[in-house]
Amino acid sequence: MTKQSSVGAVSHSRARLAVNFLGSMRLAVSLLVLLAIASVIGTVLNQQQPYQDYALKFGPFWFDVFRDIGLYNVYRTNWYLAIVGFLVLSTTTCLIRNTPRMLREMREPDAIVASAYDPRGMANNIKIISPLSMDSATHMVAAVMRGRGYRPKLHDRGDASMAVIARKGRYNRLGYILTHAAIIVFCAAALYNADIPVKLAMLVGSIRPENNFHIPLSEVSKDAWLPYNNPAYRGTVTVPEGQSTQVTYELVGNGYLVQPLPFRIMLRRFHVSYYSTGMPKDFISNIVLYNNEGKVLKEANVRVNHPLTYKGVQIFQASFVDGGSLLKMKRYMLNNPGADAVYQQARVGQSIYLSGTTYKLKLKGFSLDNVVPASAIESRPSATDQHINLGPSFTYIAQNKSGSGAEFKTYMQPITRDGQSYFVQGVRTAFGIPYEYLFIPTGPNGNIGLFMKYLSALQQQATADSSENTKSYVLNTFKKVVAKYAPSMTVDAEAAYFQSAISAILQLKAYPVPFIVTLTGFDHRWAAGLEVTKWPATVVIYWGCAVLVLGIFILFYLPQRRLSVVLHALTDGTEVIVGGTSSRNPYEFTKEFEEVVTRLRSVLGNQDDKKENVDG
């Protein structure tokens with residue numbers, strides 16, 4: 001029996017220690033600090049981006065480190081959810097343990113708890129000797145307290161003494177309850193929005209992310225599809241102009257999950273405006289929502305921070321990219337510059353094989369505007385505009401059968417430097433390194449046809465048996481080409497063109513492919529990057545925010561202030577001991593306490609007018 005009692009006592013002691021630990025201020029502060037650090041990381045570092053973007057940004061070593069600790073999706077990592085869960089448990093324990101006492105203290109008369117407010121133990125206290133009787137002094141003290149806004153309570157101590165207890169801000173403790181309740185609401189809502197059922201399903205293997213980003217939606221495994229009635233989700237989807245979608249994609253690690261939507265999203269139109277520096281100023285998506293029968297549910301313009309909301313689902317404007325613009329290209333062969341140029345067309349995102357070569361061209365992107373500082377192209381800026389719009393450009397990757405190749409960025413419009421117009425193309429043989437730019441002079445017709453004619457004539461002259469020295473035939477060949485194809489060129493224009501052409505030929509020695517592709521036209525199409533979210537707990541968070549603001553207001557602006565006065569009957573008067581304390585702003589309360597004491601001295605007729613701090 002004794003042994004069983006001992007075991008029960010130990011169990012009870014351990015339970016008490018666990019409760020004290022969970023309800024301790026140190027644990028709550030530590031969890032809040034960890035939560036704040038994690039939230040800063042999640043705010044500064046863009047979340048749920050493709051893994052290759054993080055690998056390029058941080059390098060292979062730090063990419064692996066940050067991936068293993070879950071920094072690429074902080075708010076849904078197990079450790080973050082554990083912190084939030086422990087904070088809910090800690091705050092709830094603290095609230096359950098302290099709320100009954102606080103409610104009782106707010107509800108019960110001050111006299112019941114008078115023993116806990118001995119004036120000699122308060123921060124501010126003083127003793128006054130009054131010639132008045134104890135009854136008269138008691139009524140005077142109560143009157144002074146009422147005049148200062150307090151609600152005095154009289155309490156007969158039973159030892160020929162009276163106590164007058166008064167306080168202001170009795171509902172200050174309500175601020176404590178409300179702030180703690182708001183933290184619980186916030187954290188519980190965060191746990192709900194974290195879509196824990198999906199995480200558990202992934203843990204047991206019933207849901208598996210798809211890792212192949214290049215397959216059509218119809219070929220995505222059913223294991224990668226989330227349930228239609230998923231209570232919370234956050235995904236992204238790119239919708240080209242004139243097209244629609246009924247799913248959104250949630251990135252998970254190096255894969256993704258497909259979330260069906262209760263409607264179809266159609267991007268009718270997209271508009272973007274720019275600052276003079278070329279930075280996007282505003283971009284707007286005109287979106288129409290349809291049901292499965294084709295009925296219009298809602299239409300709205302979505303822009304940054306102005307989402308479309310329909311039945312708890314919000315659609316945010318996140319980004320914009322090319323939506324598959326049709327590019328019209330012209331290809332010149334450097335190993336046969338005299339041949340006619342080849343015209344081809346394809347859409348951004350497609351790959352085309354170049355006839356007569358072993359190369360494949362993958363159209364990577366298209367940019368309608370390219371605004372750069374004027375100094376970047378050695379152009380003289382105007383007094384009002386320091387930037388120049390270089391116009392449309394497109395990027396492509398040229399790759400041969402062996403896998404080697406290069407990336408190119410080609411501008412459509414010629415760029416003028418020192419009076420000479422140039423076709424400009426950026427070239428790089430490795431992703432992530434800066435472009436090296438090729439400048440080929442354009443002729444009177446605005447393209448590089450004259451340069452190709454000159455290059456062809458040079459190749460023919462080089463293969464012919466001629467005793468003419470190199471310098472002479474280079475110059476004479478140029479003059480013959482100009483006379484035949486550009487007879488209207490002035491002498492100065494010929495000289496500038498010749499120098500530029502020789503520089504371009506020297507640059508072509510390191511050119512990685514045997515052809516040059518130029519852009520002759522395009523049919524532009526935008527695509528909007530949309531973020532689709534369903535967070536039912538968002539409304540609860542808003543209410544929690546209101547409760548938190550109210551609780552903080554009560555704590556800061558309705559401090560609890562207490563005055564405690566004990567009166568002892570003397571043979572020739574009354575001893576009055578006055579004490580006071582405040583939950584906030586002790587300096588301000590000290591001034592109020594001194595004013596109260598001054599008023600009491602006046603009404604009580606203080607005999608010795610002498611302050612004396614009572615050391616409890």
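Small disclaimer: the values here were computed from a predicted structure and weren't measured.
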*Pair R234-T533, side-chain donor/acceptor within less than 3.5 Å*: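 Absent: no donor and acceptor within the cut-off.
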*Taking atom types as modelled, is there a side-chain donor on Q317 or R303 under 3.5 Å from an acceptor on the other?*
no
Residues which pass ring-ring contact (aromatic ring centres under 6.0 Å, His included) with [X], listed by chain and number, not counting sequence neighbours:
| X | result |
| --- | --- |
| F423 | none |
| Y310 | F263 |
| F186 | none |
| Y72 | Y51, Y54, F63 |

_Worked verdict on N78 versus K199 for side-chain contact (heavy atoms from CB on, under 4.5 Å)_ = CA-CA 9 Å; N78 294 331; K199 293 182 67 67; 3.4 Å; yes
*asked:* Could you tell me if the side chain of Y396 sits less than 4.5 Å from the side chain of V517, heavy atoms only?
replied: yes
*Can you find a pair of side-chain heavy atoms, one from Q259 and one from E250, that are under 4.5 Å apart?*
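SC-SC contact between Q259 and E250 ruled out.
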*All pairs passing side chain to side chain donor-acceptor pair (under 3.5 Å) where residues 506-525 contributes a residue, at least two apart*: Q425-Y511
Mind checking what makes side-chain contact (heavy atoms from CB on, under 4.5 Å) contact with [X], not counting sequence neighbours?
| X | answer |
| --- | --- |
| I41 | I37, L71, V74 |
| E436 | none |
| V321 | T238, A527 |
| S393 | S367, N370, K409, Y411 |

*Salt bridge between E241 and R268, side-chain N to carboxylate O under 4.0 Å?*
no
*Apply the ring-ring contact (aromatic ring centres under 6.0 Å, His included) test between W526 and each candidate in F366, F283, F320; give the one that qualifies.*
F320
*For residues 229-249, which residue pairs qualify under ring pair (Phe, Tyr, Trp, His ring centres under 6.0 Å), counting only residues two or more places apart or in two chains?*
Y249-Y256
_Geometric cation-pi criterion R428 and Y435, 6.0 Å radius, 45° cone_ = yes
Side-chain donor/acceptor pairs under 3.5 Å, residues 340-351, sequence neighbours excluded:
unit_1	atom_1	unit_2	atom_2	d
Y343	OH	K330	NZ	3.3
Q344	OE1	R331	NE	3.4
R347	NH1	G324	O	2.8
Q350	OE1	R347	N	3.0

Listed pairs under 3.5 Å, donor-acceptor, residues 211-226 side chains, sequence neighbours left out:
unit_1	atom_1	unit_2	atom_2	d
N212	OD1	H214	N	3.0
S221	OG	D223	N	3.2
D223	OD2	R208	NH1	3.3

